[in-house]
Each structure stands twice: as structure tokens, then as C-alpha cells.
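Here the structure is laid out as C-alpha cells; the discussion comes afterwards.
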Amino acid sequence: MRSEEGPPMARTVDEEATTAVLNRLRRAQGQLAGVIAMIEAGRDCKDVVTQLAAVSRALDRAGFKIVASGMRQCMAAADGETPPMTEAELERLFLALA
């Protein structure tokens with residue numbers, strides 16, 4: 001039996017966008033591992049903060065890609081069972097990334 005929510009990314013983001021999001025998240029994961037290693041090695045604070053900012057930007061870009069590519073599906077649910085998202089719900093999604 002399929003869950004009511006269904007596969008989250010499959011319902012809101014096409015395959016090409018999913019690939020782009022996963023690439024961005026993997027890049028952020030690698031950058032975060034680098035930040036952790038830098039802290040463990042006692043690297044300079046400036047270098048750590050610079051890399052941490054890069055991780056943050058990568059995560060932001062992934063989130064924006066998810067929201068942007070899923071906008072049409074969020075506005076008008078394709079399955080006919082899920083009501084479309086309201087403007088307020090979409091606004092909350094964007095603000096969650098801000």
C-alpha cells in the first residue's frame with residue numbers, strides 16, 4: 001500500500017531536477033566533512049567560516065531548486081487527490097529557506 005504522502009521528491013520534482021538536487025546535496029555533504037576535518041585539525045577560523053559559508057550556500061541552492069522545480073506540481077496537484085498548495089503555504093516554503 002502506498003503511503004498517503006507518496007514519495008516526496010517524486011511528486012514535486014522531475015528526474016532531472018532530482019539529479020541536480022542530489023548533486024548539490026552530495027557536494028554540500030563533502031564540504032561539510034571538510035569543515036569538520038578543518039575544525040578537528042585546528043585550522044584557522046577564517047578558513048573554517050569560509051568553507052562553512054560554502055556549505056550553507058550549497059544547501060540553500062538545493063532547497064531553492066526543490067521549491068522552484070516543484071512549484072507547478074505544488075500549485076496544482078497532478079494526482080487530483082491532494083489539494084493544491086495555497087499561496088501562504090508556498091510562501092512558508094520559500095521563507096523556510098531564507
Side-chain angles (χ1 to χ4, degrees):
M1 179 183 228
R2 212 175 110 184
S3 77
E4 286 183 34
E5 292 181 23
M9 291 296 291
R11 285 178 33 145
T12 59
V13 181
D14 63 44
E15 187 175 331
E16 183 178 325
T18 298
T19 300
V21 167
L22 287 173
N23 287 339
R24 288 176 181 177
L25 291 174
R26 286 184 183 109
R27 186 176 313 120
Q29 184 179 33
Q31 289 171 320
L32 184 56
V35 170
I36 292 169
M38 291 172 75
I39 292 171
E40 291 173 341
R43 293 278 303 270
D44 182 63
C45 179
K46 180 181 174 186
D47 295 336
V48 171
V49 170
T50 299
Q51 288 305 308
L52 194 56
V55 172
S56 180
R57 283 190 304 273
L59 291 173
D60 287 345
R61 288 183 185 134
F64 286 127
K65 180 72 172 176
I66 290 168
V67 173
S69 62
M71 186 64 68
R72 180 180 298 147
Q73 290 85 353
C74 288
M75 291 295 292
D79 63 8
E81 296 173 19
T82 307
M85 292 182 75
T86 66
E87 185 176 330
E89 289 170 324
L90 288 168
E91 183 178 352
R92 278 194 296 273
L93 281 178
F94 278 112
L95 292 176
L97 296 171

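For the side-chain contact (heavy atoms from CB on, under 4.5 Å) test, residues two or more places apart in sequence or in another chain that qualify with Ala20 are Lys65. Take Glu89 and apply the side-chain contact (heavy atoms from CB on, under 4.5 Å) test, not counting sequence neighbours, and it matches Met85, Thr86, Arg92. Arg27 meets the salt bridge (charged side-chain N to carboxylate O under 4.0 Å, His left out) test with no other residue; sequence neighbours excluded. In this structure, the salt bridge (charged side-chain N to carboxylate O under 4.0 Å, His left out) partners of Asp47, at least two apart in sequence or on a different chain, are Arg43. Partners of Ile39 under the side-chain contact (heavy atoms from CB on, under 4.5 Å) rule, at least two apart in sequence or in another chain, are Val35, Val48. Applying the side-chain contact (heavy atoms from CB on, under 4.5 Å) test to Arg61 and every residue at least two apart in sequence or in another chain returns Arg24, Arg57.
Between Leu25 and Leu59 there is a side-chain heavy-atom pair separated by less than 4.5 Å.
Here the CG atom belonging to Leu32 is positioned 7.5 Å from the CG atom belonging to Leu52, to the nearest 0.5 angstrom.
Thr19 contributes a side-chain N or O that, together with a main-chain N or O of Glu15, makes up a donor-acceptor pair within less than 3.5 Å.
Hydrophobic clustering (side-chain heavy atoms under 4.5 Å, transitive across Ile, Leu, Val, Met, Phe, Trp, Tyr) keeps Leu22 apart from Ile66.
Nearest heavy-atom pair across Lys46 and Thr50 is O-OG1, 2.8 Å. Of all heavy-atom pairs spanning Ala58 and Gln31, the tightest one is CB-OE1, 3.6 Å.
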